[in-house]
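So the structure is just underneath, and the comments pick up after that.
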Amino acid sequence: MRATARRATRRVLGIEGSPRSDRVAFLHDNEPERPELNAAEVRDLTRIRRFGAIGAAMMALGALGAGAQPVLQNPVQGVRVLGLFARALPAALTITMIGTAVVVLAWLLLGRLAVGSFGAHSSPRRMSRSQLDRTLALWIVPLCVAPPMFSKDVYSYLAQSEITARGLDPYAIGPQAALGVDHVLTRTVPTIWRDTPAPYGPFFLWIGRGITALTGDDIVAGIFLHRIVALIGVALIVWALPRLAARCGVSSVAALWLGAANPLLLFHLVAGIHNEAAMLGLMLAGLELSFRAVESAASLRGRTGVLLLAGAAVIALSATIKIPSVLALGFVGMALARRWGGRPRDVAAAAALLGAVTVAVVLGVSAASGLGFGWLDTLGTANAVRSWMSLPTLLGLATGGAGVLLGIGDHTTAVLSLTRPIASLVAALIIVRMLVSVLLGRLHPIGALGVSLGALVLLFPVVQPWYLLWAVTPLAAWATRPAFRVPVIVFSAFVSLIVMPTGGEVQPFVIVQAAVATVLTIAVLYASTRRLLPWRARDGAAAPDRPSDAYAGSS
C-alpha cells in the first residue's frame with residue numbers, strides 16, 4: 001500500500017514517467033526568423049501604426065473626462081476647452097472606448113506582420129525588431145501623457161507613500177487613519193482601500209517615499225513620477241523579453257508583439273500605472289542575467305558568478321515589490337542544479353545559494369527602507385475583492401448565487417473558505433511538477449515558470465486583468481503553438497475591451513450608449529478602410545518573394 005502511494009506521488013510530481021509526461025511541452029516549438037517585409041507589407045505596417053496611434057491619442061483625449069481622475073487637483077477642471085470632457089462623461093467615455101477598440105484592432109492587425117495568421121495564408125515574412133520598437137513607442141507616447149485609466153490604484157500608491165514619508169507604518173495603518181479623511185490624497189483613494197494597510201513590498205514604498213519627497217501633496221506630479229517608474233519597468237520588459245525568446249528558439253518580434261505590445265500591458269501598466277511593470281521588468285531582467293550565467297559555465301568563478309548573483313539579486317528585488325516574482329528563483333535554481341548534475345545535493349546547493357541571496361536582499365531592503373517585515377503580514381489584503389476571473393472565487397460566487405436561487409441561503413463565504421485553499425494546493429502541486437520537469441530537463445525553465453505563474457494567477461483568490469501579464473510575458477518567450485497564442489490573443493483583446501477606463505462605477509445606460517456608438521463607429525471605420533488596412537490576408541500573401549530554401553537558413 002505504501003509502495004503504491006509512493007509511486008502515485010512520484011508520478012503526480014513528475015519524478016517518474018516518460019519525458020512526454022509533461023503535456024504542456026507541446027506548446028513550444030522552435031520558431032525560425034523570417035525575411036523582412038516586402039514593400040506592400042511595409043505600407044500596411046505604416047497604416048497600422050498610424051491607425052493604432054490615432055486610437056491611443058483618442059484614449060488620451062477621452063481620458064480627460066472618462067479617465068480615473070482625482071477628486072481634487074484635477075488639472076483640467078474648469079479649463080475652457082479641456083474641461084469640456086469632464087462635463088460630458090458620455091461623450092468622453094465614447095471617445096475613449098472607440099480609441100480602445102482601435103488600439104486593440106491595430107494590435108490584432110499588427111499580429112499578421114509579427115506572427116502571421118494561423119491559417120493557410122500566413123505571410124512568410126516578418127517585421128523587423130526596429131519596426132516593432134517604433135510602432136510600440138508611437139502607441140505608448142499618447143498614453144504617457146494621459147490621465148490614469150482603468151484603475152485608481154495609483155492614488156493608493158500616493159497615499160501609502162505619504163504615510164511612509166511621515167514615518168508611520170503603512171503596513172499597520174490605512175490612509176484614512178494615517179492622513180485623515182479630508183486629506184487631498186485620501187479623498188481620491190477608492191473607499192474599499194481607505195482603511196486597509198499597504199499590500200506592497202518595501203522596495204516599492206521606498207521608491208514612493210522618494211517620489212513624495214519630491215512632489216509632496218501634488219497629485220499630478222506624483223502620478224507623473226510613478227508613471228516614469230512604470231515606464232522603466234516596461235523598458236526592462238522590452239529589453240529582456242527578446243533575449244529570453246532567443247534562448248528558447250522563439251522569434252523576438254513575435255514574443256515582443258504578444259508580451260510587450262499586448263493591450264493589457266499598454267492599458268494597465270502604462271496607462272494604469274500599475275507596479276506590475278516594475279515587478280515584471282525586474283523579474284525578466286534578472287532571469288536574463290541568471291541564465292547567461294547558468295548556460296555559460298558549470299562553475300561560479302569570475303564573471304559567471306557575478307552574473308548569477310546579480311540576476312538572483314534583481315529577481316529578489318522584484319519580489320520586494322510584489323511577492324509572486326520570487327517564484328522565478330526556484331526555476332533558476334533548478335536550472336542551475338541540473339547544470340551541476342541534477343543530484344539532490346546539487347538542488348540543495350543551488351537552493352542554499354539563491355536562498356542566501358534572497359535573504360540578503362530582503363533583509364537589506366527592509367532594513368535600509370526602515371519599513372521592516374510588516375509587508376509579509378499584509379499580502380492577503382487584496383483578498384477582500386471577489387474577482388470573477390479567479391476560478392476558485394468564481395466557483396464560490398456561482399455556488400452562493402445558486403443557493404440563493406434555490407432558497408437555501410447565500411453560502412458564498414463558506415464555499416470560498418473551501419475553494420480557495422483547495423485551489424492553492426492545486427497551484428502548489430503544479431508548481432512543484434514544473435520545478436521537477438526543469439530539473440529533469442523536460443521543460444525549459446522559462447516555459448515552466450510561465451505555466452506555474454499561469455496556474456498561480458488562475459487559482460489565485462483575486463485576479464485583476466493585469467495579473468494575466470505575470471504569465472503572458474514569460475510564456476510569450478517560450479510558447480509558440482496556436483493552442484497557447486490563440487486563447488491569449490482572444491482573452492487579451494476581450495478583457496482590454498470590457499474594463500471601463502474610469503476605474504470605477506459608471507451608470508449602465510451610459511456604458512450602453514458608449515458601446516453602441518463604439519460598435520457603429522468601428523463598423524464605419526472597417527467599411528472605409530477595407531482597401532487600406534489588411535483586414536484580410538492580401539492576395540498572394542502566402543507566396544514568398546523567393547524560394548523557401550533560399551532563406552530557410554537565414555535566421
Side-chain angles (χ1 to χ4, degrees), residues 56-57 59-83 85-86 92 96 140-168 170 174-176 178-190 193-194 198 200-236 266-279 281 321 369-371 501-504:
M59 290 178 64
L61 190 64
L64 295 173
Q69 301 282 12
V71 175
L72 302 175
Q73 295 186 15
N74 188 336
V76 300
Q77 193 72 39
V79 178
R80 181 167 298 177
V81 177
L82 299 180
F85 292 92
T96 308
I140 283 179
V141 167
L143 301 179
C144 291
V145 298
M149 284 183 274
F150 304 104
S151 171
K152 294 183 178 180
D153 280 5
V154 67
Y155 301 114
S156 294
Y157 300 167
L158 293 173
Q160 290 155 4
S161 298
E162 174 65 21
I163 295 172
T164 306
R166 292 187 179 189
L168 302 175
Q176 183 167 297
L179 307 179
V181 67
D182 293 325
H183 191 275
V184 62
L185 298 179
T186 305
R187 290 284 300 276
T188 310
V189 175
W193 304 125
R194 290 185 180 181
Y200 311 115
F203 183 56
F204 180 71
L205 292 185
W206 196 8
I207 295 173
R209 184 167 66 193
I211 291 175
T212 298
L214 295 174
T215 63
D217 294 341
D218 190 324
I219 291 179
V220 176
I223 289 172
F224 178 74
L225 292 183
H226 271 285
R227 181 165 276 154
I228 288 178
V229 173
L231 290 174
I232 292 172
V234 171
L236 288 173
L266 299 179
F267 296 169
H268 296 287
L269 302 194
V270 177
I273 324 180
H274 285 288
N275 55 12
E276 263 78 7
M279 181 196 83
I321 296 176
S369 64
L371 294 171
T502 58

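None of these values were measured; they are calculated from a predicted model.
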Self-check item: side-chain contact (heavy atoms from CB on, under 4.5 Å) against L168, all qualifying residues, sequence neighbours excluded
Solution: I163, R166, A178

Quiz prompt | Nearest heavy atoms of V189 and A159, plus distance in Å | solution = CG2-CB, 3.7 Å

Quiz item: Would you say the side-chain atoms of T186 pair up with the backbone N or O of V181, donor to acceptor, closer than 3.5 Å?
Solution: no

Would you give me the side-chain donor-acceptor pairs under 3.5 Å for residues 142-150, sequence neighbours excluded?
none

Exercise. Specify the closest pair of heavy atoms between A198 and L205, including all atoms of both residues, with the distance to one decimal.
Key: CB-CD1, 3.9 Å

Quiz item: How far apart are the closest heavy atoms of L371 and P170, and which atoms are they?
Solution: CD2-CD, 3.9 Å

Exercise. With rounding to the nearest 0.5 Å, note down the distance linking OG1 in T164 to CD1 in I207.
Key: 12.0 Å

Quiz item: Is a donor on one side and an acceptor on the other found under 3.5 Å between the side chain of Y157 and the backbone of N275?
Solution: yes

Self-check item: Non-hydrogen atoms of V229 and A278 that approach each other most closely
Solution: CG1-CB, 4.5 Å

Quiz item: Q69: what forms a side chain to side chain donor-acceptor pair (under 3.5 Å) with it, not counting sequence neighbours?
Solution: none

Quiz item: If you measure from CD on E162 to NE2 on H183, what distance do you get to the nearest 0.5 Å?
Solution: 5.0 Å

Exercise. State, yes or no, whether a side-chain contact exists between L158 and T212 at a heavy-atom distance under 4.5 Å.
Key: no

Quiz item: Considering residues at least two apart in sequence or located in another chain, which fulfil the ring pair (Phe, Tyr, Trp, His ring centres under 6.0 Å) criterion with H274?
Solution: W466

Quiz prompt | Atom pair OH (Y200) and OG (S156), whose distance is rounded to the nearest 0.5 Å | solution = 6.0 Å

Check: residues 214-221 side-chain donor-acceptor pairs under 3.5 Å, at least two apart:
{"residue": "T215", "atom": "OG1", "partner": "I211", "partner atom": "O", "Å": "2.9"}
{"residue": "D218", "atom": "OD1", "partner": "V220", "partner atom": "N", "Å": "3.2"}
{"residue": "D218", "atom": "OD1", "partner": "A221", "partner atom": "N", "Å": "3.1"}

Self-check item: Check: R194 side chain, G174 main-chain N or O, donor-acceptor pair, under 3.5 Å
Solution: no

Quiz prompt | Nearest-0.5 Å distance, CG of residue L269 to CZ of residue R227 | solution = 11.5 Å

Exercise. Kindly give the heavy-atom pair with the smallest separation between W193 and P175, and that separation in Å.
Key: O-CD, 3.7 Å

Practice problem: Mind running side-chain contact (heavy atoms from CB on, under 4.5 Å) on M59 and F267 for me, showing each step along the way? | Solution: CA-CA 10 Å; M59 290 178 64; F267 296 169; 3.5 Å; yes

Exercise. Report the residues that fulfil ring pair (Phe, Tyr, Trp, His ring centres under 6.0 Å) with F203, sequence neighbours left out, ordered by chain and then residue number.
Key: none

Quiz item: So which heavy atom on P190 is nearest to which on K152, and how close?
Solution: CG-CB, 3.8 Å

Quiz item: With side chains defined as the heavy atoms from C-beta onward, is the minimum distance between Y155 and H226 less than 4.5 Å?
Solution: no

